[in-house]
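Just so you know, these numbers use all the heavy atoms, side chains as well, and skip hydrogens, waters and symmetry mates. Just so it is clear: chains get the letters A, B, ... in the order the sequence lines come, proteins before strands, and each one is counted from 1.
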There are 2 protein chains.
Amino acid sequence: MPDPGNPVEQPDAAQFPLLPQLTLDCIILGFHEDQLRVLLLRWKDTQEWSLPGGPVRQNESVDAAAHRILKERTGLDQLFLQQFHVFGDVVRYNREEIKKKLKHVIDPEKWYERAVSIGYYALVDYSKVSPTPDAFTEECQWWDIKNIPQLLFDHNHIITVALQALRIQLSWQPIGYNLLPEEFTMPELQRLYETILGRTLDPRNFHRKIQGLGIVERLETRRKGGAHKAPYLYRFNKAQYEAMLTEGNLSFS
Amino acid sequence: MPDPGNPVEQPDAAQFPLLPQLTLDCIILGFHEDQLRVLLLRWKDTQEWSLPGGPVRQNESVDAAAHRILKERTGLDQLFLQQFHVFGDVVRYNREEIKKKLKHVIDPEKWYERAVSIGYYALVDYSKVSPTPDAFTEECQWWDIKNIPQLLFDHNHIITVALQALRIQLSWQPIGYNLLPEEFTMPELQRLYETILGRTLDPRNFHRKIQGLGIVERLETRRKGGAHKAPYLYRFNKAQYEAMLTEGNLSFS
DNA sequence: TTTCATTATGTCAAAATAACACATTAAGCT
DNA sequence: AGCTTAATGTGTTATTTTGACATAATGAAA
């Protein structure tokens, strides 16, 4: 379910007792047509969008809840999932406004107390995702990160914080394994980095850098189809990639 | 109060309704005698130690709760406080063992369900702290980070994760403003970095680096008192320091 | 005044980064 | 077949940053 910020009575509450006043919000990011995109949900009978999210069940870990929600929204099992912040203000958004906007979906009497929300971001292979709405929503769709509408709750803010965290990750860990298909081209990887960093990179320097990290291997084949020189295909060297995820590029001086 | 992992009935529960099944744990770090030290609490009538922590009240933000707990344990108001991880496993530690160990402090019947804990680390000026135990504990003391005893709950693990987060912070943000007194020497700052990083640094290179960041200003005065050449005193350039905290040294390449 | 402990400081080599331009080639068009 | 278009693949150089390294200076104590 999306995070109603203040959790509401859940459809499957009887079956699955929940941790009270605690929710997750998931920023599910994909990369398509040179755009970083985020998966959003549209609430039933409204034009209001929000992040996917939901409560944590008593018998599952917080991480497991995040995985479950991701699985429900995307169909994907394995993905890069990263806790990045806890949103714990007493008043995270205007509750009356939300109650009003969602009154046709959720009985305004059924809103509980304030909730603390744990933010996760996930990096997924856009082409493998089957966007699926939940019990409160009727549409699940990708949105260009540069073009997010006004969202419910404090979700615009949460996205901002998630992107900051993602850029920090990028500065000392590699990114791409979970965002690109198995085989990809160097310009594609470069555009992914450029999109996250919000600036252009020099293709020669980028190539040198990535090769230096040893996280990719060039294949024999090239990708044909464009009206231009065919780029080589690459795949990630999983072992080296994992190593860079763990050790990272941490260096003080 | 320390985090009983599973929260227990709180002494002031009537006065302050709490967020259920949610607690904070605070890793309060100071620097003294070239050691990074963490503040720990000893439970009443036991030899068992744990991290400071406690529940979040309904009418305060999670960050405010962390500040409150820090204020209660240290007497300090302004300090560097950083959320670093949420510990959300269903079983974070052996509950029966804990109930038994603390049976003289907390009625084993009074333990609630599992709790999710939000980890914060704080960097404080050792000399300004007045360690103060809470309602469940009778001693509050600094421990060398290299010499932590077996702690209650999953607190040894939490400390490990906090130190990892601290090292990551160090790799792209300056550290020191909240850990050192207003005036300090370059060797002191260097030893702080060395302690956090767990390795020695070259004094010439360190000096060059720190000067390059522009976060410190050398004063006219030197610190006398040691049987050796008197080191210059420095103070942080707050503006530049803040700038480095925000912008950081983030660079992909 | 001698000794001891610690601090302050500069140079050079190596590595990493930033800046920069042009030949190649697949596809589409004529 | 030949031309055009669009994007890719690639190397060099200057600059900056990092890492390695050793000695003179000085305050306190003996």
Next item on the list: Please determine, for the side chain of A:Arg204, which listed nucleotide (C:dA21, D:dT8, C:dT7) has the closest atom?
Entry: C:dA21
Checklist line | Of the listed nucleotides D:dG9, C:dC20, C:dT17, the one nearest the side chain of A:Tyr232 | finding: D:dG9
Note to self: Among residues at least two apart in sequence or on other chains, which ones pass ring-ring contact (aromatic ring centres under 6.0 Å, His included) with B:Tyr120?
What the structure shows: none
Margin query: When you measure from the side chain of A:Asn237 to the backbone of A:Glu217, do you find a donor-acceptor pair of N or O atoms at a distance under 3.5 Å?
Written below: no
Notebook entry, point to check: Taking NZ, NE, NH1 and NH2 as the nitrogens, is one of them in A:Arg92 or A:Asp154 under 4.0 Å from a carboxylate oxygen of the other?
Noted result: yes
Check: How close or far is atom P of C:dA13 from atom CG of B:Asn205, stated in whole angstroms?
Finding: 16 Å
Check: Do you see a donor-acceptor pair shorter than 3.5 Å between the side chains of B:Ser171 and A:Trp172?
Finding: no
Next item on the list: Return no unless some side-chain N or O of B:Arg218 is found under 4.0 Å from OP1 or OP2 of C:dT9.
Entry: yes
Item checked: Donor-acceptor pair between B:Tyr121 and B:Gln83 side chains, under 3.5 angstrom -> no
Notebook entry, point to check: Rounded to whole angstroms, how far apart are CG on B:Leu213 and C1' on D:dT18?
Noted result: 13 Å
Note to self: Quick check: B:Tyr241 with B:Tyr177 (ring centres under 6.0 Å apart)?
What the structure shows: yes
Next item on the list: Please lay out, stage by stage, how B:Arg191 and B:Glu188 fare under the test side-chain contact (heavy atoms from CB on, under 4.5 Å).
Entry: CA-CA 5 Å; B:Arg191 285 192 290 268; B:Glu188 281 168 356; 3.9 Å; yes
Check: Between A:Ile210 (CD1) and D:dG9 (P), how many Å, whole number?
Finding: 14 Å
Check: Are any of A:Lys209's side-chain N or O atoms less than 4.0 Å away from OP1 or OP2 of C:dT17?
Finding: yes
Check: Rounding to a whole Å, what distance do you find between B:Arg199:CZ and D:dT18:P?
Finding: 12 Å
Margin query: Tell me the interatomic distance from A:Gln211, atom CD, to C:dT17, atom C1', rounded to whole angstroms.
Written below: 17 Å
Note to self: Here's a test of your reading of the structure: between A:Arg208 and A:Asp202, which maps to the more 5' nucleotide of DNA chain C?
What the structure shows: A:Arg208
Checklist line | Sequence-aligned protein contact record of nucleotides 24-30 of chain D, with B where the base is within under 4.0 Å of a protein heavy atom and S where only the sugar-phosphate is | finding: -BBBS--
Notebook entry, point to check: Are the aromatic ring centres of B:His157 and B:Phe87 under 6.0 angstrom apart?
Noted result: yes
Next item on the list: Mind calculating the distance between NE2 (A:His207) and C1' (D:dA7) to the nearest angstrom?
Entry: 15 Å
Next item on the list: Rounded to the nearest angstrom, tell me the gap between atom CG in B:Leu201 and atom P in D:dC21.
Entry: 15 Å
Margin query: Just the rounded figure in Å: distance from C1' of D:dT8 to CG of A:Leu233.
Written below: 13 Å
Next item on the list: Check DNA chain D against residues 180-194 of chain A and give the residues with a non-hydrogen atom under 4.0 Å, in numerical order.
Entry: A:Pro187, A:Arg191
Check: If we only count heavy atoms from C-beta on, is the B:Trp49 to B:Leu152 side-chain gap below 4.5 Å?
Finding: no
